[in-house]
Engineer: 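Supplied in structure tokens, the structure appears directly below.
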2 protein chains.
Amino acid sequence: MIDKTKFPDIAFRKHDHRRCQRQLLTEASQLCATRKLRLTPRRRQVLEIMLASHQPMGAYDILARLNRADSAERIAPPIVYRALEFLMAEGLIHRIESRNAFITCAHPGHESAAQFLICRDCERVAEVETSAQSLLAEADNLGFAVDHSVVEITGVCAECQKHAG
Amino acid sequence: MIDKTKFPDIAFRKHDHRRCQRQLLTEASQLCATRKLRLTPRRRQVLEIMLASHQPMGAYDILARLNRADSAERIAPPIVYRALEFLMAEGLIHRIESRNAFITCAHPGHESAAQFLICRDCERVAEVETSAQSLLAEADNLGFAVDHSVVEITGVCAECQKHAG
DNA sequence: TATCGTTACGTTATAATATAACAAAATGAT
DNA sequence: ATCATTTTGTTATATTATAACGTAACGATA
């Protein structure tokens with residue numbers, strides 16, 4: 001039996017979206033203030049667009065929204081990619097590699113490696129916080145039928161660590 | 001201390017490459033025979049190109065090699081992508097999502113989810129077979145300094161399973 | 001508040017990755 | 001030999017991402 005109350009993420013649960021959105025935006029603001037970084041209008045705008053759905057968006061989806069908003073200006077890809085780069089560097093959003101898409105981080109500030117459950121039907125993505133150890137067990141627990149799992153750990157191998165400084 | 005003898009994969013170890021290559025090719029042949037599938041010249045050619053390095057290659061890298069080989073014909077992207085699609089479907093190669101690249105499977109036939117250690121210095125990729133549970137521990141064990149870990153599990157969420165047949 | 005180094009934004013062009021759509025050829029079963 | 005199926009070939013184009021360079025905003029300091 002699936003215990004729905006335990007679902008680890010907002011994506012598959014109803015919630016007060018407005019409130020959630022507002023909170024994440026506030027958290028982002030605070031986080032940038034703390035780090036003496038600028039959450040500029042553009043960056044905030046991109047984050048807001050992404051928060052509107054809590055779901056993964058392609059860079060060009062975001063771009064389209066920007067261009068719908070500012071009907072006058074014609075915004076170009078680099079602007080979006082730069083904002084995404086900034087937001088990723090600060091852990092405010094994640095990249096979903098297997099979809100070439102981006103999604104807001106469910107709990108910014110937490111340092112754990114991002115892990116996702118991606119539904120290939122509804123396309124919703126849940127970010128899970130469990131340790132890597134138990135992710136598959138967790139998925140099973142939730143009744144999530146695992147289809148394909150991508151585990152990619154990037155770093156520096158022992159040999160290269162020796163050769164470098 | 002890192003126990004080099006335990007390194008889980010060929011990528012970071014010296015080995016008899018020729019032999020390894022030959023063996024994987026034979027395994028591929030046998031696997032296709034068993035499944036009544038055709039390892040056509042093209043597919044074999046792509047696999048051979050990939051086996052030459054044991055390292056991830058972009059589709060267009062493979063394409064370039066094909067075009068260097070058959071100096072006459074001008075081979076186009078779909079040909080490569082189709083071969084890759086076939087090889088992936090049969091578990092003979094994997095896709096490295098975070099690199100838009102492809103790599104030969106280190107142990108075709110084994111059904112476990114593919115997991116990789118990707119060195120951002122030397123770009124070598126080791127495929128590990130440990131259960132997902134202990135991957136990070138394993139990396140640590142090997143002296144692999146984890147930089148970034150992508151864990152992406154795709155499947156069907158409980159809700160969609162209900163709505164579908 | 002004028003200056004200046006730095007950071008972010010804007011713009012143009014193009015690179016890199018991937019697929020749609022359709023025609024031709026090879027395969028393999030009868 | 002014929003025919004359905006699978007694979008390959010071809011052309012065009014979609015999608016995702018970045019290089020390169022100029023302009024504007026910011027923010028520290030004189």
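Each chain gets a letter, A, B and so on, in the order the sequences are listed, and its residues count up from 1.
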Engineer: State whether Tyr81(B) places a side-chain N or O below 4.0 Å from either non-bridging phosphate oxygen (OP1 or OP2) of dT19(C).
Structural biologist: no

Engineer: Please determine whether a side-chain nitrogen or oxygen atom of Arg42(A) lies at a distance below 4.0 Å from atom OP1 or OP2 of dA8(C).
Structural biologist: no

Engineer: Without decimals, in angstroms, what is the distance between Ile79(B) CD1 and dA18(C) P?
Structural biologist: 17 Å

Engineer: Answer yes if Val156(B) and Val125(A) sit in the same cluster of Ile, Leu, Val, Met, Phe, Trp and Tyr residues linked by side chain heavy atoms under 4.5 Å apart, and no otherwise.
Structural biologist: no

Engineer: Could you give the CZ-to-P distance, from Arg44(A) to dC9(C), as a whole number of Å?
Structural biologist: 13 Å

Engineer: Assess, by modelled atom type and distance only, whether the side chains of Gln45(B) and Arg42(B) contain a donor and an acceptor separated by less than 3.5 Å.
Structural biologist: yes

Engineer: Might you work through the side-chain contact (heavy atoms from CB on, under 4.5 Å) test for Thr154(B) and Val150(A), ending with a clear yes or no?
Structural biologist: CA-CA 8 Å; Thr154(B) 304; Val150(A) 176; 5.8 Å; no

Engineer: What is the separation between atom CZ on Arg35(A) and atom C1' on dT7(C), rounded to the nearest whole Å?
Structural biologist: 18 Å

Engineer: Can you check side-chain contact (heavy atoms from CB on, under 4.5 Å) on Leu25(B) and Arg44(B), steps first, answer last?
Structural biologist: CA-CA 8 Å; Leu25(B) 208 52; Arg44(B) 169 183 288 264; 3.6 Å; yes

Engineer: Could you tell me the separation between the CD atom of Glu73(B) and the C1' atom of dT7(D), rounded to a whole number of Å?
Structural biologist: 14 Å

Engineer: Please confirm whether the shortest side-chain N or O distance from Asn100(B) to OP1 or OP2 of dA16(C) is below 4.0 Å.
Structural biologist: no

Engineer: Does Arg38(B) make a side-chain N or O approach to OP1 or OP2 of dA26(C) shorter than 4.0 Å?
Structural biologist: no

Engineer: Could you check how far CG of Asn67(A) sits from P of dG10(C), rounded to whole Å?
Structural biologist: 11 Å

Engineer: Quick test of the criterion, 5.5 Å between centres and less than 30° between planes. Is Tyr60(A) stacked on dT16(D) or not?
Structural biologist: yes

Engineer: From the options dT10(D), dA19(D), dA18(C), select the nucleotide whose nearest atom is closest to the side chain of Phe102(B).
Structural biologist: dA18(C)

Engineer: Evaluate the criterion side-chain contact (heavy atoms from CB on, under 4.5 Å) for residue pair His17(B) and His54(B); output intermediate values, then yes/no.
Structural biologist: CA-CA 9 Å; His17(B) 191 58; His54(B) 278 324; 3.0 Å; yes

Engineer: Nearest to the Arg43(B) side chain among dT7(D), dA18(C), dG10(C), which nucleotide is it?
Structural biologist: dT7(D)

Engineer: Measure from CD1 on Ile96(B) to P on dT17(C) and round the result to the nearest Å.
Structural biologist: 14 Å

Engineer: If you assign each of Pro41(B) and Gly58(A) to its closest nucleotide in DNA chain D, which residue comes earlier from the 5' end?
Structural biologist: Pro41(B)

Engineer: Bend across the helix from dT1(C)-dA30(D) to dT30(C)-dA1(D), to 10°, with axes taken over 5 pairs at each end?
Structural biologist: 30°

Engineer: Using whole Å, what does the distance between atom P of nucleotide dT10(D) and atom CD1 of Ile75(B) come to?
Structural biologist: 9 Å

Engineer: Please walk me through it: do Phe86(A) and Thr40(A) pass side-chain contact (heavy atoms from CB on, under 4.5 Å)?
Structural biologist: CA-CA 11 Å; Phe86(A) 172 84; Thr40(A) 62; over 6 Å; no

Engineer: What integer distance in Å separates Leu84(A):CG from dC9(C):C1'?
Structural biologist: 15 Å

Engineer: May I ask you to evaluate whether Thr40(B) reaches the phosphate of dA26(C), defined as a side-chain N or O under 4.0 Å from OP1 or OP2?
Structural biologist: no

Engineer: Which of these passes side-chain hydrogen bond (donor to acceptor under 3.5 Å, both in side chains) with Ser98(B): Arg95(A), Glu152(A), Glu97(A)?
Structural biologist: Glu152(A)

Engineer: Would you please confirm or rule out a distance under 4.0 Å between OP1 or OP2 of dT19(C) and any side-chain N or O of Arg82(B)?
Structural biologist: no

Engineer: Do you know the tightest heavy-atom contact between Leu63(A) and Ile75(A)?
Structural biologist: CD1-O, 3.3 Å

Engineer: When you get a sec, tell me which of dA17(D), dT12(C), dT10(D) is the closest nucleotide to the side chain of Arg95(A)?
Structural biologist: dA17(D)

Engineer: Mapping Leu37(A) and Pro77(A) to their closest nucleotides on DNA chain C, which lands nearer the 5' end?
Structural biologist: Leu37(A)

